[in-house]
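Below is one structure; the comments refer to it alone.
We use all heavy atoms of the structure for the numbers below, so side chains are in, but hydrogens, waters and symmetry mates are not. Note that the structure is predicted; figures quoted are calculated from it, not measured. Labels below follow one simple rule: chain letters A, B, ... track the order of the sequence lines, proteins then strands, and each chain is numbered from 1.
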2 protein chains.
Amino acid sequence: MLQKRIDDQPSISREMVREAQDILHRHLKRVGLKQTAQRDTILRSFLDTRDHLSTDELHRLVQKKDPSIGYTTVYRTLKLLAECGLASEVAFHDGIARYEHQYNRRSHHHMVCTQCGGSVEFFSPEVSQLEQEIGRRYHYATTRHTFQIYGVCEDCRNKNSAQPA
Amino acid sequence: MLQKRIDDQPSISREMVREAQDILHRHLKRVGLKQTAQRDTILRSFLDTRDHLSTDELHRLVQKKDPSIGYTTVYRTLKLLAECGLASEVAFHDGIARYEHQYNRRSHHHMVCTQCGGSVEFFSPEVSQLEQEIGRRYHYATTRHTFQIYGVCEDCRNKNSAQPA
DNA sequence: TTGAAAATGAAATTCATTTTCAAATAACGC
DNA sequence: GCGTTATTTGAAAATGAATTTCATTTTCAA
Ligand SMILES: [Mn+2]
Ligand SMILES: [Mn+2]
Ligand SMILES: [Zn+2]
Ligand SMILES: [Zn+2]
């Protein structure tokens with residue numbers, strides 16, 4: 001599940017964590033929900049990594065900061081984060097839902113190794129243009145698209161040929 | 001779940017059904033499995049439609065031809081068809097796996113209405129080129145890609161504005 | 001025709017996700 | 001601060017699609 005860094009975007013700074021937290025708090029107020037310590041802790045854990053996390057994986061990270069926080073709360077908070085644009089779901093087609101934080105990040109696509117689950121992020125503005133173009137052609141009000149490439153990474157190919165069963 | 005026809009590809013002819021059946025039979029022999037009436041019936045039902053069917057939906061169609069065929073056999077046969085290239089899974093991101101037949105069809109992508117579930121098929125060779133290009137750049141041996149656009153179709157938008165709750 | 005291997009279909013199981021519920025907590029006005 | 005009330009929480013239960021199990025039936029090569 002390791003993920004190669006192919007861009008030079010820095011990790012999230014203290015400043016940015018605060019700003020993201022503000023976004024969440026404003027969202028909560030807007031929809032009449034409450035600010036809680038759990039939600040803040042979960043957001044901070046989520047921002048800490050650039051990985052594509054399952055609810056379960058995030059729950060494990062969260063528990064390092066506060067072992068009393070339950071899986072259900074992580075699950076529900078992830079939905080809230082998606083609602084206010086801080087998180088987005090990435091479907092790697094491996095049967096479980098994954099999320100990545102979307103705060104201050106370039107939009108990008110993924111190429112996934114079907115053998116080890118590793119992934120590479122890449123940028124492809126052409127594809128976003130296609131969304132607009134096709135939407136216009138068939139009169140859809142488009143909101144998003146998914147583009148993913150599947151294959152086998154170099155490491156896995158080497159491992160395969162080293163030990164041909 | 002209706003799907004607009006945007007190309008002029010004809011429905012599958014008797015001739016083609018036979019050819020597809022041959023592909024399945026050869027595959028079965030190759031991997032040491034047996035030819036059965038159930039598998040043939042399921043394949044024929046599957047070729048009958050150009051829709052994107054869930055296992056359950058296909059099972060219902062199959063039952064019209066032979067009510068004794070069980071869900072499990074449909075499920076297993078769909079995997080076999082995917083193995084020999086006659087079917088491919090399309091993930092519309094609605095939580096259930098869908099398949100479409102791939103026999104004698106142009107490869108294409110989908111734009112899906114998030115409100116009614118309807119879809120439009122479109123062709124976009126640029127995207128396939130991107131698969132090659134990105135794969136080469138990051139040393140992946142690519143096998144496939146998914147490209148889907150999500151939005152709201154014209155009909156649904158009209159319905160929305162007609163009855164604003 | 002026959003025996004071994006595979007296929008079948010109902011039922012059971014799995015497993016991620018979602019819901020339920022009683023107890024704890026946050027927010028608002030006073 | 002205090003009380004009120006709606007929301008939140010986390011454990012447990014429920015859900016539901018996908019998958020496996022298993023006893024029985026069927027295929028097919030010899
Ligand atoms: Mn990513
Ligand atoms: Mn299609
Ligand atoms: Zn790999
Ligand atoms: Zn629609």
Side-chain angles (χ1 to χ4, degrees), chain A residues 1 21 24-43 45 52-84 87 89-99 117, chain B residues 1 21 24-45 52-84 87-99 117:
Chain A
M1 290 297 149
Q21 230 161 49
L24 172 60
H25 294 171
R26 276 197 294 273
H27 175 72
L28 292 173
K29 180 149 283 179
R30 194 181 327 130
V31 297
L33 300 181
K34 291 168 179 172
Q35 210 176 114
T36 68
Q38 288 94 327
R39 286 171 176 167
D40 284 350
T41 302
I42 292 165
L43 173 58
S45 297
H52 306 97
L53 298 170
S54 67
T55 307
D56 203 65
E57 285 162 354
L58 180 56
H59 180 226
R60 268 196 287 276
L61 292 182
V62 163
Q63 292 224 311
K64 289 184 191 166
K65 296 193 180 175
D66 179 349
S68 72
I69 295 180
Y71 175 92
T72 315
T73 301
V74 174
Y75 163 81
R76 286 185 281 223
T77 301
L78 232 18
K79 300 226 137 172
L80 284 174
L81 297 181
E83 272 175 34
C84 63
E89 201 180 326
V90 291
F92 279 1
H93 212 252
D94 60 350
I96 54 184
R98 299 181 170 280
Y99 292 82
Chain B
M1 290 297 148
Q21 229 161 49
L24 173 60
H25 294 171
R26 276 197 295 274
H27 174 73
L28 291 173
K29 180 149 284 182
R30 193 180 328 129
V31 297
L33 300 180
K34 290 167 180 170
Q35 212 176 114
T36 69
Q38 288 95 329
R39 285 170 176 166
D40 284 350
T41 303
I42 293 165
L43 173 57
R44 271 183 277 107
S45 298
H52 306 96
L53 298 170
S54 66
T55 308
D56 202 67
E57 286 164 355
L58 180 55
H59 180 227
R60 268 195 286 276
L61 292 182
V62 163
Q63 293 225 310
K64 289 184 191 165
K65 298 194 178 170
D66 181 349
S68 73
I69 294 180
Y71 174 92
T72 315
T73 302
V74 174
Y75 164 79
R76 286 186 280 224
T77 301
L78 232 17
K79 300 226 137 175
L80 284 174
L81 297 181
E83 271 174 34
C84 62
S88 68
E89 200 180 326
V90 290
F92 277 1
H93 211 251
D94 62 350
I96 55 184
R98 300 182 168 280
Y99 292 82

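Looking at residues two or more places apart in sequence or on another chain, you find a side-chain contact (heavy atoms from CB on, under 4.5 Å) between B:D56 and B:S54, B:R60, B:Y71. Shown here are the side-chain contact (heavy atoms from CB on, under 4.5 Å) partners of B:S88, two or more places apart in sequence or in another chain: B:E100, B:Q102. With sequence neighbours excluded, the residues that form a side-chain contact (heavy atoms from CB on, under 4.5 Å) with B:T36 are B:Q38, B:R39. By the side-chain hydrogen bond (donor to acceptor under 3.5 Å, both in side chains) test, B:H25 is found to be paired with B:D40, residues two or more places apart in sequence or in another chain being considered. Every side-chain hydrogen bond (donor to acceptor under 3.5 Å, both in side chains) that B:E83 has, sequence neighbours left out, goes to B:H27. For B:F92, the side-chain contact (heavy atoms from CB on, under 4.5 Å) partners are B:H52, B:V90, B:D94, B:R98, B:H110, B:V112, B:S119, B:Q148, not counting sequence neighbours.
For the atom pair CG (B:L80) and OH (B:Y75), the distance works out to 11.0 Å, reported to the nearest 0.5 Å. Interatomic distance, CG of B:L24 versus OG1 of B:T77, reported as 8.0 Å (0.5 Å rounding). Atom OG1 of residue A:T55 and atom NZ of residue A:K79 lie 8.5 Å apart, to the nearest 0.5 angstrom.
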Can you give the donor-acceptor pairs under 3.5 Å from side chains of residues 61-68 of chain B to other protein atoms, not counting sequence neighbours?
| from | atom 1 | to | atom 2 | distance (Å) |
| --- | --- | --- | --- | --- |
| B:Q63 | NE2 | B:H59 | NE2 | 3.1 |
| B:Q63 | NE2 | B:P67 | O | 3.1 |
| B:Q63 | NE2 | B:I69 | O | 3.0 |
| B:K65 | NZ | B:D48 | OD2 | 3.2 |
| B:D66 | OD1 | B:S68 | N | 2.9 |
| B:D66 | OD1 | B:S68 | OG | 2.6 |

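Remark: P of D:dG16 and CG of B:D94 are 15 Å apart, rounded to the nearest angstrom. In this structure, the CG atom of A:L80 is 13 Å from the C1' atom of D:dT9, given to the nearest Å.
Between B:L53 and B:L58, the shortest heavy-atom distance links the atoms CD1-CD1, 4.0 Å.
In this structure, B:Y99 and B:L78 have side chains that are in contact, with non-hydrogen atoms separated by less than 4.5 Å.
Counting only residues at least two apart or in different chains, salt bridge (Lys or Arg N to Asp or Glu O under 4.0 Å) contacts with residues 24-38 of chain A are absent.
The bend of the helix from C:dT1-D:dA30 to C:dC30-D:dG1, defined by the angle between the axes of its first five and last five pairs, stands at 40° to the nearest 10°.
DNA chain C is contacted by B:S68, B:I69, B:G70, B:T72, B:T73 of residues 60-75 of chain B, taking any non-hydrogen atom closer than 4.0 Å. Scanning residues 29-43 of chain B for heavy-atom distances under 4.0 Å to DNA chain D yields B:K34, B:Q35.
In summary, contact between chain B and DNA chain C, defined as any nucleotide atom under 4.0 Å from a heavy atom of the protein, begins and ends at C:dA5 to C:dA11 in the 5' to 3' direction.
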